Amino acid sequence: MKKTIRTLFMLMVALVATTAIAACGSDDDDSGGTTVAGLKITKTSLTFTNDGGEETVSAQANVQASATSDASWCTVTAGTMSQNLKVTPITIKAAAMTTETTDRTATITVKAGSESGTITVTQKAGDVLTVSQTEYEVGAEGGAIIVMVVSNGDYTATTDADWLTAGAKGNGEHSFTAAANMAGARTATITFALNKVMATVKVTQAAGSGGAISATAADVAKLMYPGWNLGNTLEATGNGLGAETSWQPTKTSQAILDCVKAQGFKSVRIPCSWDIHSDSNGKIDAQWMARVKEVVDYCISAGLYVVLNDHWDGGWIEVLGFSKSNSSYQAVDEATITSKIARLKDIWTQIATAFQEYDEHLLFAGLNEPFQEYNLFHDKHSTLTPVLVRYNQAFVEAVRATGGNNARRVLVVQGPSVNIASSTTYMDASKLPESAGRLMVEVHFYDPGQFCGTYDATGSNAFYYWGAANHASNHNASWGEESYMQSEFAKLKTAYTSKGYPVIIGEYAGLQRTLTGGDQTKHDASVKLFYKCVNQYATDNGAIAYAWDTNYVGGLSQEGGSSTIIDRGRVSLAGNNAMQGILDGVASGKWPY
């Protein structure tokens, strides 16, 4: 009796051991087995995911079992029966689902002699998302693109370019519209997503023939130097049109710009605020826009090129786009960056639309001095450059998307803190938003700060003399003289201008003082030499230098000083030393391209 019990027990253990269960099957599919006469099948239902898979069940009978499937996606193989245990392994494979959007089933029929049984196989569709074509081409004139999409859920579709917009979807089709292209060939990516399943489509648009603007950045750059800033004017804080004279006393006129042209300047940089002149919905005040256009028209009527920017503007992006606080550095999160990008695009869409028909004499510059404030950002240049790169990209995309002449207009993007060393180190040509042709890079130059006025430039801290020819016994510039300037400007040629990206030195200045002690003659010569060297070395390296001018003609004592060149109230030349230095520098320099 004990021998019989032991024999039965061993037979049961062996039968269980031969049942192979693959990981891709569902454990709760086991029905406990079904006996049909002398045939026992260990599992009569299986479930697979949409990825497919393989599972083995066992069929016990006194003879070799066979198996067949009624579906091509579900294949079955019967192994060799074990002679001792009379068990035939049945291997079932489910192919991966590719285009199916609903669950599917198959029936496996197992036979052993005259006996038979069935196994029901179910495969779950899961999330299905496919596109019939992954690359499309569209002509420069733009138009519709129809993407065939197979999906079993409500997917989303996004594009990474403003010129390509999503339209209606339904019946397996999703339409997209490409705007007309007036610039070079361009590409965009459409991303479809259904939960974790994604599909992408690349769209390439042919280059356009362009509108009224045919000049490239290289074409206009050599016609733009030297440059002058309409400083402390349209960028000043204040309410409405009165802001123009809140930092200096003179309303801009055609006569002033004619005077600027008469001194020998070829272009004007217009620092301008926009966000502080917008309503609660972000719309720029119509009167402010009209006034800015009037000033731009003065410049163009005088025969000057114009660089129009979005300046400090209350610090809404130049500070708070890089730190959550303007009193202490607090890293910005993705939500902040996304919000700033949206606002930047909104502002530049409005500006670009208003100036759409202007020709190549008008250039746009996206920002002014991003994260330039020393106390907050002096050691964050490398960390914050990737954020700046995204803002530069957003600016260019917004302007280009408005079409017309803006598709080919020359645009200017700023380097990190507009510092030459940081820009050439952390934002090389590979990080610029467009290939060379219609893009410039902006930096500023105020070194040495004790001479230029960006540091404490009063009393014993001031540098009154600059340049090897003007060394004096005290208050001499101990750094930042000719060789330093040459070295810094040469970096611009290596990083940008030699690669087809002209550079604007958007601001520079040296303080003209009336000394109550010291050598006034050598100081005057120092101012003249500083302006000469800036313009000579800039010209030699393919850069356009813009003198900062505040329209402040008083306060020339050693306690202050002025960078004013044009006395706007009198419509006459005020900074004789600076102006002569500029003309000498331009005459001495040689444009390399």
Side-chain angles (χ1 to χ4, degrees), residues 12 14-83 85-134 148-155 171-173 192-199:
M12 293 174 63
L15 180 58
V16 172
T18 59
T19 305
I21 302 175
C24 60
S26 301
D27 291 340
D28 58 3
D29 288 336
D30 193 345
S31 66
T34 298
T35 300
V36 180
L39 176 65
K40 179 177 176 63
I41 304 170
T42 54
K43 270 193 174 182
T44 56
S45 64
L46 299 175
T47 300
F48 291 92
T49 67
N50 64 329
D51 293 326
E54 177 181 316
E55 186 166 343
T56 300
V57 299
S58 297
Q60 185 181 25
N62 292 328
V63 296
Q64 170 73 43
S66 62
T68 57
S69 171
D70 67 352
S72 60
W73 60 267
C74 183
T75 58
V76 61
T77 303
T80 303
M81 184 185 72
S82 167
Q83 293 299 321
L85 301 177
K86 306 300 183 182
V87 172
T88 301
I90 306 295
T91 301
I92 301 166
K93 294 182 179 180
M97 301 176 82
T98 55
T99 60
E100 295 79 1
T101 59
T102 59
D103 298 349
R104 58 186 180 184
T105 60
T107 300
I108 306 297
T109 301
V110 180
K111 292 184 177 181
S114 61
E115 308 299 334
S116 66
T118 59
I119 302 171
T120 300
V121 179
T122 302
Q123 188 172 29
K124 298 292 186 180
D127 292 329
V128 176
L129 178 65
T130 61
V131 292
S132 59
Q133 188 174 332
T134 59
M148 305 301 296
V149 183
V150 175
S151 174
N152 64 348
D154 187 17
Y155 65 86
N171 298 321
E173 297 182 350
F192 299 90
L194 176 61
N195 297 321
K196 295 183 179 181
V197 181
M198 301 180 72

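Only a predicted model underlies this, so the values are computations on that prediction, with no experimental measurement involved. Each residue takes its place number in the sequence, starting with 1.
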Separation between [atom1] of [X] and [atom2] of [Y], rounded to the nearest 0.5 Å:
| X | Y | atom1 | atom2 | result |
| --- | --- | --- | --- | --- |
| F192 | M198 | CZ | CE | 11.0 Å |
| T105 | D70 | OG1 | CG | 7.5 Å |
| T88 | I41 | OG1 | CD1 | 10.5 Å |

Closer than 3.5 angstrom, by distance alone: can the side chain of [X] be matched with the main-chain N or O of [Y] as a donor-acceptor pair?
| X | Y | value |
| --- | --- | --- |
| N50 | M97 | no |
| N62 | K86 | no |
| S58 | V87 | no |
| Q123 | A95 | yes |
| S69 | V76 | no |
| Q64 | G79 | yes |

For the student: nearest non-hydrogen atoms of [X] and [Y], plus distance:
| X | Y | result |
| --- | --- | --- |
| G117 | L39 | N-CD2, 3.8 Å |
| A67 | I108 | CB-CG2, 4.2 Å |
| G153 | S151 | O-OG, 2.9 Å |
| K111 | S116 | CG-CB, 3.8 Å |
| D51 | A96 | O-CB, 3.4 Å |
| D103 | A125 | OD1-N, 2.9 Å |

* To do: Could you go through the side-chain contact (heavy atoms from CB on, under 4.5 Å) check for K196 and D127 one step at a time?
  => CA-CA 8 Å; K196 295 183 179 181; D127 292 329; 6.0 Å; no
* **Option from V128, N152, V149 for which side chain to side chain contact (heavy atoms under 4.5 Å, CB included) with L194 holds** =>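 Among V128, N152, V149, the one meeting side chain to side chain contact (heavy atoms under 4.5 Å, CB included) with L194 is N152.
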* To do: Decide yes or no on side-chain contact (heavy atoms from CB on, under 4.5 Å) for T91 and E54, but give the supporting numbers first.
  => CA-CA 7 Å; T91 301; E54 177 181 316; 3.6 Å; yes
* Asked: Has K93 got more than 12 heavy atoms of other residues, nucleotides or ligands less than 6.0 Å from its NZ?
  ->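 12 or below, so no.
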* **Full working for side-chain contact (heavy atoms from CB on, under 4.5 Å) between C74 and I92** => CA-CA 7 Å; C74 183; I92 301 166; 3.6 Å; yes
